[in-house]
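First the structure, in the form of structure tokens, and then the observations on it.
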Amino acid sequence: MNAPDGILCAKTHEWVLEEDNNAVIGLTDWAVEQLGDVVFVELPEIGSVFSKDEVFATIESVKAASEIYMPVAGEVLEVNEQLINSPELINEDPYAAWLIKVKPSNFQEDTIGLMEYNDYKEEVE
Amino acid sequence: MEIKEQYKKTFLYDEHLKCGAKMVPFEGWLMPVQYEGIIKEHNATRQSAGLFDVSHMGEVYVKGKESLEYLQSIVPQDVSVLKEGCALYCQLTNKKGGLIDDLIIYNVKNIEIEADYFIVVNASRVDVDVPFMKNEAVKFDVEICNKSNDLSMLALQGINSKYIIEKMGVDRKNQPGFFNIKKVKLDGVSVLLTRTGYTGEDGFEIVFENKYALQLWNKILSFKTEFFVVPVGLGARDTLRLEAGLPLYGHELNEEYTPLESSLGYFIPADKKEDYNGKELILAQKLKQKPLRRKLFAFVMEDKQIARNGYEVFIDNQPVGVVTSGAPSPTLGKNIGFCMIEFENLSKNLVTRLNNPQESLGMIIQVMVRNKLYNAKLTKKPFIKKRYEK
């Protein structure tokens, strides 16, 4: 699995990537592997505001529902509409299948505790 | 994940790892929850064949002059009608009519094993069932032997199962018929071969001494390219049984629910003469002389949301019960489940409607998913047409 350069990962298995001063958020390949077949994704409404570590989405696999936490605080600018009808895209490539794009409110401070991908991989494996 | 030593492993543990299984704790055992993926495994079982390690299940031998009298006293079914070489789906009930377990009883008097009746029980209940059964046995000339540690068990399910069994030495005309059991040589190994399962598909369950587990597992999987058989984990076992409308102990069945309340009334005879534990309430409910206190219903979600075990169920915004099992159905492409609706606080009118299938089928209920209510429709079980070969 090719994780894009520059992503930062949370202990709760979300990744965040800074892009044009906004933040793209998704779920790591390790987390997706643990979940198995993703069958449903519940995404927030555009314009809603979440603090860091707040639940912003739910991903359902065949077996269970998993809550997804904000790696950084911010306002939701965009959600990945493709996932509503094709949740399996997350299994195919969890880095292409981002969940939401946010306007972060405190990116520098919020990312202090996050890990670079290689460190994250070491931590989970 | 750190795996603690206290979990039991089946004799196929290493084989599961070789097949890429993700192992999870299940009722004291480390079992494969999936190999390649639940949906793939589910579909393979529906379309060709799936192989399940079900060695965690319990096996009990019952032997003695009063075997029949004994069994008659512990299950609501009439075991006297069970012919040699045949199986009967039964429940173990308590004095209050609640369900201690559900089980399959095989009459094996015609088969050369150390038993008159062979019983398969749930893994989660072996430690409850065996002491209970032994305690109930003191009044009878009968011996109860827990064989769970000596025997392994495989389930081979799906339309291609019969061809695989044929290739392993038991041709089609010598295979047991639906809900029958035979002692046969399978790949040269002496096994009990039954035409039963937990998927709604035609298929077999195979019981044998632990030491043959590797040989039989690998032999069956060697037909992968010929008959498209794949190993299947507990994840797909759950979606398969749910689609087939089959209950799971601890979810649809427990010590508080009677067979009638858990929608097993079909399996309860109205005319069994012998006394059994909980007969008064079970029979009265069967004959509609006593009301059900609750009832199990099957439902299909109308929204994309998935109802899960434990989610609250509402009718007209009033809480009425809980989801006992829920999952996406790979076959139907919809989200399905069972729920237990408690009648105690409901209006008489609503209970009457729920008790009348003509009114209850199609009724809209709501399931609370993450603090929001979503519609679901009560429906008939099974969710799919069973494809047993009878």
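The shortest distance between side-chain heavy atoms of N122(B) and M57(B) falls below 4.5 Å. Looking at heavy atoms from C-beta onward, F299(B) lies out of side-chain contact with F383(B) at the 4.5 angstrom threshold.
A donor-acceptor contact closer than 3.5 angstrom links the side chains of S325(B) and R241(B). Using modelled atom types and a 3.5 Å distance limit, the side chains of D53(B) and T10(B) yield a donor-acceptor pair. For the residue pair T111(A)/E109(A), the side-chain donor-acceptor check at 3.5 Å is not satisfied.
Of the two parts of E67(A), neither the backbone nor the side chain holds a non-hydrogen atom closer than 4.5 Å to a non-hydrogen atom of chain B. At a 4.5 Å heavy-atom cutoff, the contact between K304(B) and chain A is made by backbone and side-chain atoms alike. Using a 4.5 Å cut-off between heavy atoms, V62(A) contacts chain B through both its backbone and its side chain.
Counting heavy-atom pairs closer than 4.5 Å to chain A, the top-ranked of the candidates I306(B), D238(B), L234(B) is I306(B). Contact count versus chain A (heavy atoms, under 4.5 Å) is highest, among Q34(B), Q305(B), E36(B), for Q305(B). If you tally non-hydrogen atom pairs under 4.5 Å between each of V55(A), V39(A), T58(A) and chain B, the highest count goes to T58(A).
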